[in-house]
Amino acid sequence: MPEKLTNVTLVTQFLLLGLPDNEVLQRLYATFFLLIYLEALMGNLLIITITTIDQHFQSPMYFFLKNLSLIDICYISVTVPKSIMNSLNNSHSISFVGCASQVFLVVFFAGTEFALLLVMSYDRYAAICCPLRYEAIMSRGTCVQMVMASWFSGCVYGSIHAAGTFSVHFCGPNMVHQFFCDIPALLTLACSGEQSLEYMFIIVSCCFAFVCFILMVASYVYIISTVLRIPSSQGRFKTFSTCMPHLTVVALFLFSGCIAYLGSTSKSPSSLNLFMSVLYSLLPPSLNPVIYSLRNRDMKVALGKFLGEKMIPNI
């Protein structure tokens with residue numbers, strides 16, 4: 001029997017076509033991305049600096065916040081600088097290895113952030129529901145182990161999805177209709193029937209993420225029930241207000257990710273596709289430091305003092 005040959009294109013690079021072809025619009029997007037990137041970089045670096053040098057911010061909550069800011073810096077740095085350089089150079093190309101690295105690192109940092117948000121919800125549960133045993137439960141060693149587990153789980157998560165995505169053969173054009181290498185956009189380029197492994201990984205990881213989300217919800221059910229038993233309304237508000245930044249960040253992270261992945265499978269460029277990819281790749285890293293600094297009075301005071309000392313020289 002004659003051997004059936006399959007026409008498989010050997011892909012050595014991809015073309016990122018998520019941004020408009022118009023040169024003026026590309027420069028505008030590059031400027032917008034640069035401003036967002038600088039804001040995210042400065043905001044998260046400020047939080048890392050404050051929580052490191054100020055002795056008032058050495059509690060477990062701020063230790064986790066410091067790691068969250070570090071993750072956000074890494075997360076936004078994976079995609080945005082490359083997109084800015086491509087726009088300024090009027091280039092769309094990214095190497096196969098560079099694309100695989102982007103997929104791994106984006107999923108790695110996103111997975112680590114989700115795991116850390118779960119750890120932070122447990123910290124709030126321990127602080128509010130078990131205040132007398134809080135220091136024993138959230139000891140320094142325990143916090144370090146939790147953070148290391150978050151980074152490790154993100155690394156495993158990223159490795160699995162990068163391996164699943166690039167285990168396929170790519171048929172047809174090498175044009176990715178995104179401004180970075182995104183898994184749903186890459187899977188549309190795979191040969192027919194070869195996406196099943198990565199789709200299986202996506203389903204399994206979604207189930208695992210759902211279980212983690214249920215655990216997060218359960219911790220807040222206990223938190224709310226404990227807060228409602230506090231006699232004074234002022235006490236209830238003050239206690240629950242410590243959870244508001246975390247709740248806001250969780251809602252922003254999950255909402256932007258779900259919306260983006262539910263609608264980012266289009267094979268043609270669109271403003272909606274671009275908006276959704278910007279939503280989950282730029283919004284959480286840039287807004288997280290704002291959310292935590294605006295909702296935390298101590299953080300606002302510390303930031304004011306730090307910036308004041310830097311801007312006003314000693315006489």
Side-chain angles (χ1 to χ4, degrees), residues 38-77 109 112-151 154 216 219-220 223 226-227 230 234-253 284-314:
L38 291 176
E39 185 273 330
L41 209 62
M42 291 173 60
N44 285 294
L45 281 174
L46 271 175
I47 286 182
I48 292 173
T49 303
I50 293 296
T51 53
T52 300
I53 65 175
D54 197 320
Q55 294 302 311
H56 295 94
F57 299 103
Q58 303 306 311
S59 66
M61 182 177 74
Y62 293 109
F63 175 66
F64 297 139
L65 178 58
K66 184 195 305 184
N67 277 273
L68 182 67
S69 293
L70 177 59
I71 294 167
D72 283 336
I73 290 173
C74 297
Y75 181 55
I76 198 170
S77 297
F109 293 123
T112 304
E113 179 156 342
F114 184 73
L116 189 61
L117 289 173
L118 176 62
V119 168
M120 293 172 78
S121 70
Y122 179 71
D123 171 69
R124 291 298 84 208
Y125 161 78
I128 294 172
C129 300
C130 312
L132 298 179
R133 295 189 294 120
Y134 177 69
E135 290 187 5
I137 295 172
M138 303 301 293
S139 65
R140 181 70 179 178
T142 302
C143 293
V144 171
Q145 289 174 1
M146 286 180 169
V147 168
M148 288 176 65
S150 299
W151 283 92
M216 208 179 293
S219 68
Y220 272 100
I223 287 171
T226 302
V227 168
I230 297 175
Q234 186 178 0
R236 288 195 296 269
F237 176 78
K238 185 177 180 181
T239 303
F240 193 70
S241 65
T242 62
C243 301
M244 287 307 296
H246 178 258
L247 278 174
T248 308
V249 168
V250 169
L252 176 66
F253 182 75
S286 58
L287 287 186
N288 285 356
V290 177
I291 292 168
Y292 271 99
S293 60
L294 290 180
R295 298 291 308 183
N296 189 309
R297 193 177 72 86
D298 294 335
M299 184 67 73
K300 283 191 288 186
V301 171
L303 284 172
K305 288 181 179 178
F306 179 78
L307 293 175
E309 289 175 0
K310 295 297 179 183
M311 295 176 67
I312 303 173
N314 294 326

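Distance check, rounded to the nearest 0.5 Å: CG of L45 to CG of D72 gives 11.0 Å. Taking CG from L118 and CE from M146, the interatomic distance works out to 9.0 Å, rounded to the nearest 0.5 Å. L41 contributes atom CG, which lies 12.0 Å from atom OG of S286 (distance to the nearest 0.5 angstrom). In this structure, L70 CG and I47 CD1 are separated by 12.0 Å, a value rounded to the nearest 0.5 Å.
Within the 4.5 Å cutoff, the side chain of C129 has heavy atoms near those of the I223 side chain. Between Y134 and D123 there is a side-chain heavy-atom pair separated by less than 4.5 Å. Considering only heavy atoms from C-beta on, I50 stays 4.5 Å or farther from Y62 through its side chain.
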* Step by step, work out the side-chain contact (heavy atoms from CB on, under 4.5 Å) result for V250 and S121. => CA-CA 9 Å; V250 169; S121 70; over 6 Å; no
* **Evaluation steps, side-chain contact (heavy atoms from CB on, under 4.5 Å), between T112 and Y75** => CA-CA 10 Å; T112 304; Y75 181 55; over 6 Å; no
* To do: Check the pair S150, F114 against side-chain contact (heavy atoms from CB on, under 4.5 Å), reporting the backbone distance first and the verdict last.
  => CA-CA 8 Å; S150 299; F114 184 73; over 6 Å; no
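When every heavy atom of A40 is checked against every heavy atom of N44, the shortest pair comes out as O-ND2, 2.8 Å. Closest of all the heavy-atom pairs between F109 and I71 is O-CG2, 3.4 Å. Nearest heavy atom pair, residue Q58 against residue T52, reads NE2-O, 3.7 Å. Shortest non-hydrogen contact noted between M138 and P60 is O-CG, 3.7 Å. Of all the heavy atoms in L117 and L68, the pair that sits closest is CD2-CD1, 4.4 Å. When all heavy atoms of E113 and N288 are compared, the closest pair comes out as OE2-ND2, 3.3 Å.
Applying the ring-ring contact (aromatic ring centres under 6.0 Å, His included) criterion to F63, with sequence neighbours excluded, gives no partner residue.
For the side chain to side chain donor-acceptor pair (under 3.5 Å) condition, the pairs that include at least one residue of residues 135-145, sequence neighbours left out, are S139-T142.
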